[in-house]
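Single-structure report; data block below.
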Amino acid sequence: MGTLVWLRPTAAPAVPAGPSAAHVVAAGGVNARPRRVSVASRCTNPRVLQAGRCRWLVVRSGVTAAAAAADDPEDSSELSDLQVASRIRGVFFYAVTAVAAIFLFIAMVVVHPLVLLFDRHRRRAQHYIAKIWATLTVSMFYKLEVEGMENLPPNSSPAVYVANHQSFLDIYTLLTLGRCFKFISKTSIFMLPVIGWAMYLLGVIPLRRMDSRSQLDCLKRCVDLVKRGASVFFFPEGTRSKDGKLGIFKRGAFSVAAKTGVPVIPITLLGTGKLMPPGMESNLNSGSVQVIIHRPIEGNDAEKLCTDARNVIADTLLLHGYGVH
């Protein structure tokens, strides 16, 4: 990569000729050690600068990964070891979740006819199996702390749950709560072997992004499910945060709550984005995750419900050192 350096004109600068004019010294601060960088294009005529013309020179930065590694090989080695450990942990994570999913999916298939006959909308048996699957996976790889369980309504009471979205691990974490809420997921995920089939048995609601008709059908289905006694779950940001900061909330979830008269249950997720950042799903870092369940919010004004729920989650994120857009 090249770095652009703008050389300001000075009064009759003394620019030496020869090879020494092909280098500049870049310092990183008062106490920083100067580093030498090479100029890709030399100015062979010092009078160009004396004439008051500003020249853009492309220089190749000496602060590269190779130089950094040469300067401090111990830090580089530690970083490499951490990356390898995260990758290995990620491989084992997916191996465990895949093996567990196969056996538990069989259990879902066995009980599914009874679920359709006696519990078509809540599907408590299927969600109980999903809770076992998520708990088995999560407990082996990171510590989970849950605060505010007393704020969760019973499974027999429908509600609209909302949370911030940081990572692929959010779904695993939320399933451990044992509540029978219906997630909304991209239609492409349903094509995944075992996992996608299990989502279908759970009653997860499919959504085609960028399709306004699909979005409208999705909201109608959510309203229908809530009226029939089931709960639904939304990530109001619409997608995972790319930078870890809380995004703008969309009103869909809150319009469902306003139309059906059920409470909104805000949930703050802390730490999942650090363990498995977006775009790095093959890695799993070590650490812990905290889930904070806030008090229910009730009302019939979707805009106010949206504002109140976002403020609660935003305040909690800021309190724990996270950013908010």
Take His294 and Thr268, measure what side chain to side chain donor-acceptor pair (under 3.5 Å) needs, and give me the verdict at the end.
CA-CA 8 Å; His294 304 283; Thr268 304; 2.7 Å; yes
Are Leu275 and Phe93 close enough, and set up right, to give a side-chain contact (heavy atoms from CB on, under 4.5 Å), and what steps lead you there?
CA-CA 12 Å; Leu275 267 63; Phe93 173 83; over 6 Å; no
Set out, in order, the CA-CA distance, both residues' side-chain angles and the distance that settles side-chain contact (heavy atoms from CB on, under 4.5 Å) for Leu152 and Arg179, then state yes or no.
CA-CA 9 Å; Leu152 285 178; Arg179 286 301 180 267; 3.8 Å; yes
Glu281 vs Arg240, salt bridge (charged side-chain N to carboxylate O under 4.0 Å, His left out): CA-CA, chis, key distance, verdict:
CA-CA 12 Å; Glu281 283 74 19; Arg240 287 170 291 177; 2.5 Å; yes
Between Trp133 and Ile195, is a side-chain contact (heavy atoms from CB on, under 4.5 Å) present by the stated rule, with each step listed?
CA-CA 11 Å; Trp133 169 68; Ile195 300 296; 3.7 Å; yes
Given the rule in the side chain to side chain donor-acceptor pair (under 3.5 Å) test, do His325 and Asp243 qualify, once you have shown the distances and angles that lead to the verdict?
CA-CA 10 Å; His325 284 293; Asp243 56 6; 2.8 Å; yes
Pair Gln290-His320, side-chain contact (heavy atoms from CB on, under 4.5 Å): steps then yes or no:
CA-CA 11 Å; Gln290 187 176 6; His320 289 80; 4.0 Å; yes
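Val138 and Leu270 fall into different hydrophobic clusters, where Ile, Leu, Val, Met, Phe, Trp and Tyr side chains are chained together by heavy-atom contacts under 4.5 Å. Residues Leu175 and Tyr161 share a single hydrophobic cluster, defined by chaining ILVMFWY side chains whose heavy atoms lie under 4.5 Å apart. In terms of hydrophobic clustering, with Ile, Leu, Val, Met, Phe, Trp and Tyr side chains grouped at heavy-atom distances under 4.5 Å, Tyr200 and Val109 are assigned to a common cluster. Hydrophobic clustering (ILVMFWY, side-chain heavy atoms < 4.5 Å, transitive): Leu284 and Val96 are in one cluster. Cluster annotation: Val91 is not connected to Val99 through the hydrophobic network of ILVMFWY side chains, with a link wherever side-chain heavy atoms come within less than 4.5 Å.
Side-chain N or O atoms of Arg120 include none that pairs as donor or acceptor with a backbone N or O of Val115 at under 3.5 Å. The backbone N or O of Arg124 lies less than 3.5 Å from a partner atom in the side chain of Asp119, making a donor-acceptor pair. In terms of modelled atom types and a separation under 3.5 Å, the side chain of Arg122 and the main chain of Ser156 share a donor-acceptor contact. Between the side chain of Asp170 and the backbone N or O of Ser167 there is at least one donor-acceptor pair closer than 3.5 Å. Under a 3.5 Å cut-off, the side chain of Ser231 and the backbone N or O of Phe181 do not form any donor-acceptor pair. Of the possible polar contacts, none joining the Asn285 side chain to the Ser86 backbone as a donor-acceptor pair under 3.5 Å is found. When atom types are taken as modelled, the side chain of Arg310 and the backbone of Pro236 share no donor-acceptor pair closer than 3.5 angstrom. A donor-acceptor pair under 3.5 Å is absent between the side-chain atoms of Lys259 and the main chain of Ala302, judged by distance alone. With hydrogens and angles ignored, the 3.5 Å screen pairs no side-chain donor or acceptor of Glu147 with any backbone N or O of Ile292. A donor-acceptor distance shorter than 3.5 angstrom exists from the side chain of Asn164 to the backbone of Leu269, with no hydrogens or angles considered.
In this structure, Phe183 and Phe233 have tilted ring planes: the angle between them lies in the 30° to 60° band.
Contact check for Ile248 versus Glu237: no side-chain heavy atoms found under the 4.5 Å cut-off. Counting only heavy atoms from C-beta outward, the side chains of Tyr142 and Thr173 approach each other to under 4.5 Å. Using a 4.5 Å heavy-atom cutoff, the side chains of Gln166 and Leu317 are in contact. Annotation: side chain of Lys245 is not in contact with side chain of Val324 (no heavy-atom distance under 4.5 Å). In this structure, Arg123 and Cys180 have side chains that are not in contact, with every pair of non-hydrogen atoms separated by 4.5 Å or more. Proximity of Leu219 to Val256: side-chain heavy atoms (C-beta onward) are separated by under 4.5 Å at one or more points. Residues Ser282 and Arg87 meet the side-chain proximity criterion, which asks for heavy atoms closer than 4.5 Å. Residues Phe249 and Leu305 fail the side-chain proximity criterion, which asks for heavy atoms closer than 4.5 Å.
For the atom pair NE2 of His127 and CG of Leu201, the computed distance is 11.0 Å after rounding to the nearest 0.5 Å. Taken from CG in Leu136 to NZ in Lys131, the straight-line distance is 11.5 Å, to the nearest 0.5 Å. Atom NZ of Lys250 is separated from atom OG of Ser255 by 12.5 Å, given to the nearest 0.5 angstrom. Of the inter-residue distances, the one linking Asn155 atom CG with Leu177 atom CG reads 10.5 Å to the nearest 0.5 angstrom. Atom CD of residue Gln215 and atom CD1 of residue Ile184 lie 10.0 Å apart, to the nearest 0.5 angstrom. For the atom pair CG (Leu246) and OG1 (Thr316), the distance works out to 10.0 Å, reported to the nearest 0.5 Å.
Looking at every heavy atom in both residues, Pro263 comes nearest to Glu298 through CB-CG, 3.8 Å. Residues Gln126 and Val111 come closest through the heavy atom pair OE1-CG2, 3.6 Å. Nearest heavy atom pair, residue Pro206 against residue Arg221, reads CD-NH1, 3.4 Å. Across all non-hydrogen atoms, the minimal contact from Ile293 to Met149 is CD1-SD, 3.8 Å. Of all heavy-atom pairs spanning Ile265 and Pro153, the tightest one is CD1-CD, 3.9 Å. Taking each heavy atom of Gly252 and Phe234 in turn, the nearest pair found is C-CE2, 4.4 Å.
Cation-pi contact between Lys274 and Tyr322: present, with separation from the ring centre below 6.0 Å and deviation from the ring axis of at most 45°.
Contact check on Lys304 versus Asp308 returns a salt bridge, with a Lys/Arg side-chain nitrogen under 4.0 Å from an Asp/Glu carboxylate oxygen.
Within a 6.0 Å radius of OH in Tyr94, other residues, nucleotides and ligands contribute more than 12 heavy atoms. Counting heavy atoms of neighbouring residues, nucleotides and ligands inside a 6.0 Å radius, atom CG of Asn300 does not exceed 12 of them. Heavy atoms from other residues, nucleotides or ligands lying under 6.0 Å from OH of Tyr128 number 12 at most.
With respect to Tyr172, the side chain to side chain donor-acceptor pair (under 3.5 Å) criterion is satisfied by exactly one of Thr97, Thr135, Thr137: Thr97.
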